[in-house]
Amino acid sequence: MEKKVKVRFAPSPTGPFHIGGARSALFNWLYAHHMNGTFLVRIEDTDLKRSTKESEENIKDSLKWLGLNWDEGIDVGGDNGPYRQTERLDIYNAEVKKLIDEGKAYYCYCTEEELEESRKEQIAAGKTPVYDGHCEHLTQEQIDQYKAEGRKPVVRLKVRKDGVFAFDDMVRGHVEFQASGIGDFIIVKSDGIPVYNFAVVIDDAKMGITHVIRAEEHLSNTPRQLAIYEALGYEVPKFGHISLILGADHKKMSKRHGATSVTEYRNMGYLPQAMFNYLALLGWAPQGEQEIFSVDELVKQFSMNRVSSNDAVFDIEKLNWINFQYMKQLTPDQLLELTLPFIEKAGYVQEPIDADKKEWLKAVVWYVRDHLYYGAQAPENVKVFFEDLPALQDPELLAVMKAETSALIIKSFAEELKKLESFDADSIKSCLTRLMKETKVKGKAAFEPVRIALTGVTHGPGLYDMIALFGKEKAVKLLEDALAYCSDN
(Lines give C-alpha, C1' and ligand atoms only; values in the text may rest on other atoms or scores of the structure.)
Protein backbone atom coordinates (compact mmCIF):
# COMPACT_ATOMS: atom_id res chain seq x y z
CA MET A 1 0.00 0.00 0.00
CA GLU A 2 1.38 3.41 -1.01
CA LYS A 3 2.24 5.75 1.82
CA LYS A 4 0.03 8.78 2.40
CA VAL A 5 1.59 11.91 0.89
CA LYS A 6 3.31 14.17 3.39
CA VAL A 7 5.12 17.35 2.36
CA ARG A 8 6.83 20.07 4.30
CA PHE A 9 7.79 23.70 4.10
CA ALA A 10 10.92 24.42 6.12
CA PRO A 11 11.99 28.07 5.94
CA SER A 12 15.00 29.67 7.58
CA PRO A 13 13.94 32.72 9.65
CA THR A 14 16.72 34.99 8.41
CA GLY A 15 14.77 37.85 6.84
CA PRO A 16 11.44 38.93 5.36
CA PHE A 17 9.38 36.13 3.80
CA HIS A 18 10.33 36.17 0.12
CA ILE A 19 7.86 35.66 -2.74
CA GLY A 20 9.93 32.65 -3.83
CA GLY A 21 9.47 31.03 -0.43
CA ALA A 22 5.75 31.73 -0.56
CA ARG A 23 5.50 30.05 -3.98
CA SER A 24 7.37 26.97 -2.64
CA ALA A 25 5.03 26.81 0.35
CA LEU A 26 2.00 27.17 -1.93
CA PHE A 27 3.08 24.35 -4.26
CA ASN A 28 3.60 22.07 -1.26
CA TRP A 29 0.22 23.07 0.17
CA LEU A 30 -1.57 22.51 -3.15
CA TYR A 31 0.10 19.13 -3.68
CA ALA A 32 -0.79 17.99 -0.15
CA HIS A 33 -4.43 19.02 -0.57
CA HIS A 34 -4.67 17.57 -4.08
CA MET A 35 -3.36 14.22 -2.80
CA ASN A 36 -5.36 14.31 0.47
CA GLY A 37 -2.03 14.38 2.26
CA THR A 38 -0.42 16.33 5.11
CA PHE A 39 1.27 19.72 4.99
CA LEU A 40 3.90 20.27 7.69
CA VAL A 41 5.76 23.48 8.60
CA ARG A 42 8.99 23.50 10.58
CA ILE A 43 11.63 26.14 11.21
CA GLU A 44 15.25 25.65 10.15
CA ASP A 45 17.08 28.01 12.48
CA THR A 46 20.56 26.48 12.72
CA ASP A 47 22.03 29.68 11.24
CA LEU A 48 22.30 31.13 14.73
CA LYS A 49 23.79 34.47 13.66
CA ARG A 50 21.05 35.38 11.19
CA SER A 51 17.95 33.64 12.55
CA THR A 52 15.51 35.84 14.48
CA LYS A 53 12.20 35.34 16.24
CA GLU A 54 10.86 38.35 14.33
CA SER A 55 11.52 36.63 11.00
CA GLU A 56 9.90 33.43 12.22
CA GLU A 57 6.74 35.31 13.19
CA ASN A 58 6.76 37.13 9.83
CA ILE A 59 6.89 33.81 7.98
CA LYS A 60 4.06 32.29 10.02
CA ASP A 61 1.88 35.41 9.70
CA SER A 62 2.47 35.54 5.94
CA LEU A 63 1.56 31.87 5.49
CA LYS A 64 -1.66 32.38 7.44
CA TRP A 65 -2.47 35.55 5.49
CA LEU A 66 -2.15 33.59 2.24
CA GLY A 67 -4.42 30.89 3.65
CA LEU A 68 -1.65 28.28 3.82
CA ASN A 69 -2.55 26.74 7.15
CA TRP A 70 -0.59 23.66 8.13
CA ASP A 71 -1.68 20.31 9.56
CA GLU A 72 1.42 19.61 11.64
CA GLY A 73 4.43 21.54 12.83
CA ILE A 74 5.43 24.72 14.57
CA ASP A 75 2.70 26.08 16.91
CA VAL A 76 0.30 23.35 15.74
CA GLY A 77 2.13 20.36 17.23
CA GLY A 78 2.13 16.73 16.16
CA ASP A 79 3.86 13.42 16.85
CA ASN A 80 7.24 14.34 15.35
CA GLY A 81 8.28 17.45 17.26
CA PRO A 82 9.94 19.58 18.22
CA TYR A 83 9.57 21.52 14.97
CA ARG A 84 12.38 24.03 15.40
CA GLN A 85 15.85 22.72 14.54
CA THR A 86 17.65 24.31 17.48
CA GLU A 87 15.35 22.26 19.73
CA ARG A 88 16.31 19.00 17.98
CA LEU A 89 20.08 18.93 18.66
CA ASP A 90 19.81 15.78 20.80
CA ILE A 91 18.20 13.97 17.87
CA TYR A 92 21.00 15.05 15.50
CA ASN A 93 23.74 14.19 18.01
CA ALA A 94 22.41 10.66 18.41
CA GLU A 95 22.58 10.15 14.64
CA VAL A 96 26.10 11.60 14.50
CA LYS A 97 27.25 9.22 17.23
CA LYS A 98 25.72 6.30 15.35
CA LEU A 99 27.58 7.24 12.15
CA ILE A 100 30.89 7.64 13.98
CA ASP A 101 30.43 4.33 15.84
CA GLU A 102 29.71 2.57 12.54
CA GLY A 103 32.79 4.13 10.90
CA LYS A 104 30.65 6.14 8.46
CA ALA A 105 31.78 9.53 9.79
CA TYR A 106 34.88 10.88 11.49
CA TYR A 107 36.28 13.93 13.28
CA CYS A 108 38.33 16.32 11.15
CA TYR A 109 40.84 18.77 12.68
CA CYS A 110 42.07 20.43 9.48
CA THR A 111 42.40 24.22 9.58
CA GLU A 112 41.05 26.58 6.93
CA GLU A 113 44.60 27.21 5.75
CA GLU A 114 45.34 23.48 5.34
CA LEU A 115 42.09 22.95 3.45
CA GLU A 116 42.84 25.87 1.13
CA GLU A 117 46.33 24.54 0.44
CA SER A 118 44.91 21.11 -0.44
CA ARG A 119 42.29 22.71 -2.70
CA LYS A 120 44.96 24.66 -4.61
CA GLU A 121 47.10 21.53 -5.08
CA GLN A 122 44.15 19.57 -6.49
CA ILE A 123 43.22 22.37 -8.89
CA ALA A 124 46.86 22.64 -10.03
CA ALA A 125 46.80 18.90 -10.72
CA GLY A 126 43.63 19.26 -12.80
CA LYS A 127 41.41 17.51 -10.26
CA THR A 128 37.99 18.41 -8.86
CA PRO A 129 38.75 19.91 -5.42
CA VAL A 130 37.26 17.70 -2.71
CA TYR A 131 38.38 16.93 0.83
CA ASP A 132 41.50 14.75 0.62
CA GLY A 133 40.59 12.49 3.56
CA HIS A 134 43.57 13.59 5.67
CA CYS A 135 41.79 13.05 9.01
CA GLU A 136 40.00 9.81 8.16
CA HIS A 137 42.68 7.61 9.72
CA LEU A 138 44.32 9.76 12.41
CA THR A 139 46.28 8.07 15.17
CA GLN A 140 45.44 8.82 18.78
CA GLU A 141 48.76 10.64 19.04
CA GLN A 142 47.79 12.96 16.15
CA ILE A 143 44.38 13.59 17.70
CA ASP A 144 45.96 14.45 21.05
CA GLN A 145 48.38 16.81 19.31
CA TYR A 146 45.55 18.61 17.49
CA LYS A 147 43.58 18.96 20.71
CA ALA A 148 46.64 20.34 22.48
CA GLU A 149 46.85 22.99 19.73
CA GLY A 150 43.27 23.98 20.59
CA ARG A 151 41.79 22.76 17.34
CA LYS A 152 38.04 22.14 17.47
CA PRO A 153 36.98 19.36 15.12
CA VAL A 154 34.14 19.19 12.64
CA VAL A 155 32.51 15.90 11.72
CA ARG A 156 32.76 14.64 8.14
CA LEU A 157 30.67 11.99 6.42
CA LYS A 158 32.52 9.26 4.53
CA VAL A 159 31.27 9.36 0.97
CA ARG A 160 31.81 6.58 -1.55
CA LYS A 161 34.05 7.50 -4.48
CA ASP A 162 32.48 5.29 -7.12
CA GLY A 163 29.22 5.38 -9.04
CA VAL A 164 26.61 8.11 -9.02
CA PHE A 165 23.99 9.61 -6.77
CA ALA A 166 20.88 9.58 -8.90
CA PHE A 167 17.19 10.34 -8.50
CA ASP A 168 14.10 10.99 -10.61
CA ASP A 169 12.98 14.56 -10.07
CA MET A 170 9.25 15.33 -10.34
CA VAL A 171 10.06 18.44 -12.40
CA ARG A 172 13.43 17.77 -14.08
CA GLY A 173 13.35 14.05 -14.76
CA HIS A 174 16.39 11.82 -14.16
CA VAL A 175 19.30 13.60 -12.47
CA GLU A 176 22.75 12.16 -11.71
CA PHE A 177 25.80 13.41 -9.81
CA GLN A 178 29.18 11.69 -9.91
CA ALA A 179 30.07 10.44 -6.43
CA SER A 180 33.75 11.17 -7.05
CA GLY A 181 33.02 14.88 -7.22
CA ILE A 182 31.49 15.14 -3.75
CA GLY A 183 34.17 14.16 -1.25
CA ASP A 184 33.84 13.69 2.52
CA PHE A 185 31.84 16.76 3.52
CA ILE A 186 31.12 18.36 6.88
CA ILE A 187 27.92 17.33 8.64
CA VAL A 188 28.58 19.00 12.03
CA LYS A 189 30.40 22.32 12.44
CA SER A 190 33.07 22.94 15.06
CA ASP A 191 30.50 24.61 17.33
CA GLY A 192 28.51 21.36 17.45
CA ILE A 193 25.67 22.63 15.25
CA PRO A 194 24.75 20.33 12.36
CA VAL A 195 24.92 21.75 8.84
CA TYR A 196 21.74 22.27 6.84
CA ASN A 197 22.11 19.16 4.67
CA PHE A 198 22.48 16.85 7.67
CA ALA A 199 19.67 18.30 9.78
CA VAL A 200 17.21 18.46 6.89
CA VAL A 201 17.66 14.78 6.03
CA ILE A 202 17.10 13.67 9.61
CA ASP A 203 14.07 15.93 9.98
CA ASP A 204 12.50 14.75 6.72
CA ALA A 205 13.11 11.11 7.56
CA LYS A 206 11.90 11.23 11.15
CA MET A 207 8.87 13.34 10.25
CA GLY A 208 7.83 10.91 7.53
CA ILE A 209 8.14 13.32 4.59
CA THR A 210 7.33 11.49 1.35
CA HIS A 211 7.82 14.32 -1.17
CA VAL A 212 10.29 17.22 -1.00
CA ILE A 213 9.16 20.10 -3.23
CA ARG A 214 11.60 22.99 -3.05
CA ALA A 215 13.46 25.65 -5.02
CA GLU A 216 15.92 24.82 -7.77
CA GLU A 217 18.77 26.33 -5.74
CA HIS A 218 18.60 23.23 -3.52
CA LEU A 219 19.27 20.88 -6.45
CA SER A 220 23.03 20.98 -5.81
CA ASN A 221 22.41 19.94 -2.18
CA THR A 222 20.62 16.77 -3.22
CA PRO A 223 23.65 14.49 -3.86
CA ARG A 224 25.00 15.23 -0.38
CA GLN A 225 21.60 14.57 1.10
CA LEU A 226 21.38 11.28 -0.80
CA ALA A 227 24.75 10.31 0.66
CA ILE A 228 23.37 11.00 4.15
CA TYR A 229 20.20 9.01 3.44
CA GLU A 230 22.42 6.15 2.28
CA ALA A 231 24.66 6.28 5.34
CA LEU A 232 21.74 6.38 7.80
CA GLY A 233 19.68 3.80 5.94
CA TYR A 234 16.67 6.10 5.59
CA GLU A 235 14.05 5.80 2.87
CA VAL A 236 14.62 8.51 0.23
CA PRO A 237 11.66 10.81 -0.50
CA LYS A 238 10.59 11.89 -3.97
CA PHE A 239 12.21 15.20 -4.95
CA GLY A 240 10.81 18.02 -7.06
CA HIS A 241 12.89 21.14 -7.71
CA ILE A 242 10.87 24.12 -8.93
CA SER A 243 12.38 26.92 -10.99
CA LEU A 244 13.66 30.25 -9.81
CA ILE A 245 11.49 33.38 -9.93
CA LEU A 246 13.06 36.04 -12.11
CA GLY A 247 12.37 39.73 -12.51
CA ALA A 248 11.18 41.28 -15.77
CA ASP A 249 14.83 41.51 -16.91
CA HIS A 250 15.16 37.71 -16.48
CA LYS A 251 17.60 38.09 -13.60
CA LYS A 252 17.02 36.62 -10.15
CA MET A 253 14.28 38.57 -8.40
CA SER A 254 15.69 41.14 -6.01
CA LYS A 255 14.94 44.55 -4.51
CA ARG A 256 15.79 46.29 -7.78
CA HIS A 257 12.66 44.70 -9.27
CA GLY A 258 10.42 46.23 -6.58
CA ALA A 259 8.73 44.50 -3.67
CA THR A 260 10.06 40.99 -3.02
CA SER A 261 8.44 39.99 0.28
CA VAL A 262 4.91 38.88 1.02
CA THR A 263 4.62 41.56 3.73
CA GLU A 264 5.38 44.33 1.22
CA TYR A 265 2.51 43.24 -1.02
CA ARG A 266 0.22 42.84 1.97
CA ASN A 267 1.14 46.36 3.11
CA MET A 268 0.36 47.73 -0.36
CA GLY A 269 -3.19 46.44 -0.13
CA TYR A 270 -3.04 43.37 -2.34
CA LEU A 271 -5.62 40.70 -1.55
CA PRO A 272 -4.40 37.34 -0.21
CA GLN A 273 -6.66 35.33 -2.52
CA ALA A 274 -5.25 37.22 -5.52
CA MET A 275 -1.66 36.60 -4.42
CA PHE A 276 -2.55 32.91 -3.87
CA ASN A 277 -3.99 32.72 -7.40
CA TYR A 278 -1.04 34.54 -8.99
CA LEU A 279 1.69 32.55 -7.24
CA ALA A 280 0.02 29.31 -8.30
CA LEU A 281 0.50 30.36 -11.94
CA LEU A 282 4.22 31.11 -11.46
CA GLY A 283 5.77 28.00 -12.95
CA TRP A 284 2.61 25.86 -13.06
CA ALA A 285 0.42 25.71 -16.16
CA PRO A 286 -3.26 24.85 -15.79
CA GLN A 287 -5.13 23.17 -18.62
CA GLY A 288 -6.95 25.61 -20.86
CA GLU A 289 -6.94 29.40 -20.79
CA GLN A 290 -8.47 30.00 -17.35
CA GLU A 291 -6.49 32.36 -15.13
CA ILE A 292 -8.81 33.21 -12.23
CA PHE A 293 -9.24 30.22 -9.92
CA SER A 294 -10.91 29.55 -6.62
CA VAL A 295 -8.81 27.69 -4.06
CA ASP A 296 -10.88 24.55 -4.62
CA GLU A 297 -10.32 24.76 -8.38
CA LEU A 298 -6.56 25.08 -7.90
CA VAL A 299 -6.49 22.12 -5.50
CA LYS A 300 -8.44 20.00 -7.96
CA GLN A 301 -6.25 20.87 -10.97
CA PHE A 302 -2.80 21.07 -9.41
CA SER A 303 -0.24 18.44 -10.31
CA MET A 304 3.54 18.35 -10.40
CA ASN A 305 3.33 17.06 -13.99
CA ARG A 306 2.43 20.55 -15.16
CA VAL A 307 5.15 22.37 -13.20
CA SER A 308 7.68 23.78 -15.65
CA SER A 309 11.43 23.42 -15.32
CA ASN A 310 11.84 26.83 -17.00
CA ASP A 311 12.38 29.90 -14.84
CA ALA A 312 9.22 31.81 -13.93
CA VAL A 313 9.09 35.57 -14.57
CA PHE A 314 7.36 37.72 -11.95
CA ASP A 315 5.06 40.00 -13.94
CA ILE A 316 3.71 42.84 -11.78
CA GLU A 317 1.20 43.80 -14.49
CA LYS A 318 -0.23 40.28 -14.43
CA LEU A 319 -0.43 40.34 -10.64
CA ASN A 320 -2.18 43.72 -10.78
CA TRP A 321 -4.67 42.42 -13.32
CA ILE A 322 -5.46 39.37 -11.20
CA ASN A 323 -5.73 41.48 -8.05
CA PHE A 324 -8.09 43.83 -9.91
CA GLN A 325 -10.39 40.88 -10.71
CA TYR A 326 -10.58 40.06 -7.00
CA MET A 327 -11.00 43.73 -6.04
CA LYS A 328 -14.10 43.83 -8.25
CA GLN A 329 -15.64 41.06 -6.14
CA LEU A 330 -15.47 43.12 -2.93
CA THR A 331 -18.58 44.70 -1.43
CA PRO A 332 -18.57 48.47 -0.73
CA ASP A 333 -17.91 47.74 2.96
CA GLN A 334 -15.00 45.40 2.15
CA LEU A 335 -13.48 47.90 -0.29
CA LEU A 336 -13.62 50.65 2.32
CA GLU A 337 -12.04 48.36 4.92
CA LEU A 338 -9.17 47.63 2.53
CA THR A 339 -8.54 51.22 1.46
CA LEU A 340 -9.29 53.19 4.62
CA PRO A 341 -5.83 52.66 6.23
CA PHE A 342 -4.20 54.20 3.13
CA ILE A 343 -6.63 57.12 3.06
CA GLU A 344 -5.94 57.75 6.75
CA LYS A 345 -2.18 57.51 6.21
CA ALA A 346 -2.47 60.16 3.47
CA GLY A 347 -4.01 62.46 6.10
CA TYR A 348 -7.38 62.78 4.37
CA VAL A 349 -9.37 61.45 7.32
CA GLN A 350 -8.62 60.42 10.87
CA GLU A 351 -10.31 58.29 13.47
CA PRO A 352 -12.89 58.49 14.88
CA ILE A 353 -15.02 58.83 11.74
CA ASP A 354 -18.72 59.47 12.30
CA ALA A 355 -21.36 57.32 10.57
CA ASP A 356 -22.30 59.90 7.93
CA LYS A 357 -18.67 60.57 6.98
CA LYS A 358 -18.03 56.84 6.76
CA GLU A 359 -20.98 56.34 4.41
CA TRP A 360 -19.69 59.18 2.25
CA LEU A 361 -16.18 57.70 2.24
CA LYS A 362 -17.61 54.34 1.25
CA ALA A 363 -19.36 55.99 -1.70
CA VAL A 364 -16.18 57.87 -2.70
CA VAL A 365 -14.06 54.69 -2.72
CA TRP A 366 -16.76 52.78 -4.56
CA TYR A 367 -16.85 55.57 -7.14
CA VAL A 368 -13.14 55.14 -7.99
CA ARG A 369 -13.10 51.34 -7.73
CA ASP A 370 -12.48 50.77 -11.46
CA HIS A 371 -9.14 52.57 -11.07
CA LEU A 372 -7.92 50.57 -8.06
CA TYR A 373 -5.62 47.65 -8.79
CA TYR A 374 -4.55 47.44 -5.13
CA GLY A 375 -5.38 49.29 -1.94
CA ALA A 376 -2.43 51.69 -1.84
CA GLN A 377 -3.68 53.36 -5.02
CA ALA A 378 -6.71 54.75 -3.16
CA PRO A 379 -5.22 58.09 -1.99
CA GLU A 380 -4.12 59.09 -5.50
CA ASN A 381 -7.58 58.32 -6.85
CA VAL A 382 -9.62 60.03 -4.11
CA LYS A 383 -7.39 63.08 -3.59
CA VAL A 384 -9.67 65.22 -5.77
CA PHE A 385 -12.25 64.96 -2.97
CA PHE A 386 -9.81 66.20 -0.33
CA GLU A 387 -7.17 68.45 -1.89
CA ASP A 388 -7.37 71.86 -3.55
CA LEU A 389 -6.75 71.75 -7.28
CA PRO A 390 -3.33 72.98 -8.39
CA ALA A 391 -3.23 75.95 -10.72
CA LEU A 392 -3.84 75.05 -14.36
CA GLN A 393 -0.63 75.25 -16.39
CA ASP A 394 -1.07 72.76 -19.21
CA PRO A 395 -1.42 74.76 -22.47
CA GLU A 396 -3.94 72.30 -23.93
CA LEU A 397 -6.18 72.51 -20.85
CA LEU A 398 -5.91 76.27 -20.74
CA ALA A 399 -6.88 76.38 -24.41
CA VAL A 400 -10.05 74.42 -23.64
CA MET A 401 -10.93 76.83 -20.84
CA LYS A 402 -10.40 79.87 -23.10
CA ALA A 403 -12.67 78.50 -25.80
CA GLU A 404 -15.53 80.80 -26.71
CA THR A 405 -18.28 78.76 -25.01
CA SER A 406 -16.43 77.51 -21.90
CA ALA A 407 -17.23 80.44 -19.63
CA LEU A 408 -20.92 80.28 -20.61
CA ILE A 409 -21.39 76.60 -19.78
CA ILE A 410 -19.36 76.76 -16.54
CA LYS A 411 -21.09 79.87 -15.23
CA SER A 412 -24.55 78.65 -16.19
CA PHE A 413 -23.93 75.24 -14.64
CA ALA A 414 -22.76 76.80 -11.36
CA GLU A 415 -25.87 78.98 -11.19
CA GLU A 416 -28.21 76.08 -11.91
CA LEU A 417 -26.53 73.75 -9.38
CA LYS A 418 -27.20 76.35 -6.66
CA LYS A 419 -30.94 76.05 -7.39
CA LEU A 420 -31.13 72.24 -7.18
CA GLU A 421 -33.15 70.94 -4.24
CA SER A 422 -32.12 67.32 -4.72
CA PHE A 423 -28.35 67.12 -5.21
CA ASP A 424 -27.97 63.61 -6.64
CA ALA A 425 -26.44 62.24 -9.84
CA ASP A 426 -29.75 62.07 -11.75
CA SER A 427 -30.73 65.64 -10.86
CA ILE A 428 -27.27 66.94 -11.78
CA LYS A 429 -27.36 65.09 -15.12
CA SER A 430 -30.80 66.52 -15.94
CA CYS A 431 -29.54 69.97 -15.06
CA LEU A 432 -26.51 69.82 -17.38
CA THR A 433 -28.49 68.15 -20.18
CA ARG A 434 -31.06 70.97 -20.07
CA LEU A 435 -28.32 73.61 -20.03
CA MET A 436 -26.63 72.13 -23.09
CA LYS A 437 -29.92 72.47 -25.00
CA GLU A 438 -30.50 76.02 -23.79
CA THR A 439 -26.97 77.26 -24.44
CA LYS A 440 -26.41 75.12 -27.53
CA VAL A 441 -23.03 74.14 -26.03
CA LYS A 442 -22.84 70.37 -26.51
CA GLY A 443 -20.53 67.35 -26.38
CA LYS A 444 -16.84 67.95 -25.65
CA ALA A 445 -17.39 71.70 -25.69
CA ALA A 446 -19.55 71.30 -22.58
CA PHE A 447 -18.08 68.30 -20.79
CA GLU A 448 -14.36 69.11 -21.07
CA PRO A 449 -14.38 72.59 -19.49
CA VAL A 450 -16.73 71.42 -16.73
CA ARG A 451 -14.52 68.45 -15.90
CA ILE A 452 -11.36 70.56 -16.04
CA ALA A 453 -12.97 73.06 -13.70
CA LEU A 454 -13.84 70.31 -11.23
CA THR A 455 -10.79 68.01 -11.49
CA GLY A 456 -8.04 69.67 -13.52
CA VAL A 457 -8.14 66.89 -16.15
CA THR A 458 -10.35 66.03 -19.14
CA HIS A 459 -11.10 62.38 -18.37
CA GLY A 460 -12.18 60.35 -15.36
CA PRO A 461 -14.99 58.34 -13.78
CA GLY A 462 -18.65 59.38 -14.04
CA LEU A 463 -19.05 63.15 -13.88
CA TYR A 464 -22.46 63.28 -12.23
CA ASP A 465 -21.65 60.87 -9.41
CA MET A 466 -18.48 62.84 -8.71
CA ILE A 467 -20.34 66.17 -8.48
CA ALA A 468 -22.89 64.59 -6.13
CA LEU A 469 -20.06 63.32 -3.93
CA PHE A 470 -18.41 66.77 -3.93
CA GLY A 471 -21.59 68.27 -2.55
CA LYS A 472 -23.23 71.49 -3.76
CA GLU A 473 -20.96 73.94 -1.95
CA LYS A 474 -17.67 72.48 -3.19
CA ALA A 475 -18.92 71.86 -6.75
CA VAL A 476 -20.20 75.43 -7.15
CA LYS A 477 -17.01 76.92 -5.71
CA LEU A 478 -14.78 74.87 -8.07
CA LEU A 479 -16.83 75.98 -11.07
CA GLU A 480 -16.80 79.63 -10.05
CA ASP A 481 -13.08 79.61 -9.28
CA ALA A 482 -12.38 78.09 -12.73
CA LEU A 483 -13.94 81.09 -14.48
CA ALA A 484 -10.64 82.87 -13.86
CA TYR A 485 -9.14 80.70 -16.61
CA CYS A 486 -11.82 81.63 -19.15
CA SER A 487 -11.48 84.44 -21.65
CA ASP A 488 -15.00 85.74 -21.07
CA ASN A 489 -15.97 85.75 -17.39
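The structure displayed is predicted, hence computed values, not measured ones. Residue numbers count from 1 along this sequence.
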Apply side chain to side chain donor-acceptor pair (under 3.5 Å) to residues N58 and T263 and explain how you reach the verdict.
CA-CA 8 Å; N58 176 260; T263 300; 2.6 Å; yes
Check the angle between the aromatic planes of Y31 and F302 and answer parallel, tilted or perpendicular using the 30° and 60° thresholds.
perpendicular
Between F177 and F167, what is the ring plane arrangement, given parallel below 30°, perpendicular above 60°, and tilted in between?
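F177 and F167: parallel rings.
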Treating [X] as the side-chain partner and [Y] as the backbone partner, does any N or O pair qualify as donor plus acceptor under 3.5 Å?
X: R88; Y: P82; answer: yes
X: S12; Y: E44; answer: yes
X: Q325; Y: I322; answer: no
X: K472; Y: K418; answer: yes
X: S24; Y: G20; answer: yes
X: Q334; Y: T331; answer: yes
X: T458; Y: E448; answer: no

Where is the tightest heavy-atom contact between [X] and [Y], given as atom of each residue plus distance?
X: I228; Y: N197; value: CD1-O, 3.6 Å
X: P223; Y: S220; value: CD-O, 3.4 Å
X: V7; Y: A32; value: CG2-CB, 3.7 Å
X: K238; Y: D168; value: NZ-O, 3.4 Å
X: L469; Y: F385; value: CB-CE2, 3.5 Å

What distance do [X] atom [atom1] and [Y] atom [atom2] have between them, rounded to the nearest 0.5 Å?
X: L48; Y: Q85; atom1: CG; atom2: CD; answer: 10.5 Å
X: L432; Y: I467; atom1: CG; atom2: CD1; answer: 7.0 Å
X: D388; Y: K383; atom1: CG; atom2: NZ; answer: 12.0 Å
X: K474; Y: L454; atom1: NZ; atom2: CG; answer: 9.5 Å
X: I409; Y: E438; atom1: CD1; atom2: CD; answer: 9.5 Å
X: E57; Y: T52; atom1: CD; atom2: OG1; answer: 9.5 Å

A quick test of your reading: do over 12 heavy atoms of other residues, nucleotides or ligands sit less than 6.0 Å from [atom1] of [X]?
X: K189; atom1: NZ; answer: yes
X: Y373; atom1: OH; answer: no
X: E289; atom1: CD; answer: no
X: K358; atom1: NZ; answer: no
X: E396; atom1: CD; answer: no
X: K53; atom1: NZ; answer: yes
X: E387; atom1: CD; answer: yes
X: D79; atom1: CG; answer: no

Mind running ring pair (Phe, Tyr, Trp, His ring centres under 6.0 Å) on F39 and F9 for me, showing each step along the way?
CA-CA 8 Å; F39 177 54; F9 180 59; 7.2 Å; no
Report yes or no: is the cationic atom of R23 (NZ for Lys, CZ for Arg) under 6.0 Å from the centre of the six-membered ring of F27, at an angle within 45° of the ring normal?
yes
Looking only at side-chain N and O atoms, does [Y] offer a donor or acceptor that is under 3.5 Å from a partner on [X]?
X: H241; Y: R214; result: yes
X: S427; Y: D424; result: yes
X: Q225; Y: T222; result: no
X: S430; Y: T433; result: no
X: E216; Y: H218; result: no
X: T38; Y: D71; result: no
X: Y270; Y: N320; result: yes
X: Q290; Y: E297; result: yes

Given D204 and R42, is the side chain to side chain contact (heavy atoms under 4.5 Å, CB included) satisfied, shown in steps?
CA-CA 10 Å; D204 284 344; R42 65 171 188 258; 2.8 Å; yes
Are Y278 and Y265 an aromatic pair by the rule of ring centers under 6.0 Å?
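No, too far apart.
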Kindly say whether the aromatic ring centers of Y326 and W321 come within a distance under 6.0 Å.
no
Are the side chains of [Y] and [X] in contact, using a 4.5 Å heavy-atom criterion?
X: P272; Y: W65; result: yes
X: Y196; Y: N221; result: yes
X: I43; Y: P13; result: yes
X: V349; Y: F386; result: yes

Steps toward side chain to side chain donor-acceptor pair (under 3.5 Å) verdict (D45, T86):
CA-CA 6 Å; D45 60 346; T86 50; 2.7 Å; yes
Checking D354 against K357 for the salt bridge (Lys or Arg N to Asp or Glu O under 4.0 Å) test, could you report, in this order, the C-alpha distance in whole Å, the side-chain angles of both residues, the deciding distance, and whether it holds?
CA-CA 5 Å; D354 65 45; K357 183 69 173 284; over 6 Å; no
Tell me, with the steps shown, if K477 and E480 meet salt bridge (Lys or Arg N to Asp or Glu O under 4.0 Å).
CA-CA 5 Å; K477 184 176 188 307; E480 291 179 340; over 6 Å; no
Step-by-step side chain to side chain contact (heavy atoms under 4.5 Å, CB included) determination, I187 to Y92:
CA-CA 10 Å; I187 56 175; Y92 307 139; over 6 Å; no
Trace of the side chain to side chain contact (heavy atoms under 4.5 Å, CB included) decision for Q301 with W284:
CA-CA 10 Å; Q301 278 210 38; W284 170 76; 4.0 Å; yes
Evaluate I213 against I242 for side chain to side chain contact (heavy atoms under 4.5 Å, CB included), listing each step before the verdict.
CA-CA 7 Å; I213 301 167; I242 57 181; 4.2 Å; yes
What do the steps show when you test R8 against E72 for salt bridge (Lys or Arg N to Asp or Glu O under 4.0 Å), and what is the final call?
CA-CA 9 Å; R8 50 74 167 177; E72 180 185 341; over 6 Å; no
Determine, stepwise, if the pair E56 / R84 fulfils salt bridge (Lys or Arg N to Asp or Glu O under 4.0 Å).
CA-CA 10 Å; E56 181 183 319; R84 192 179 284 109; 2.6 Å; yes
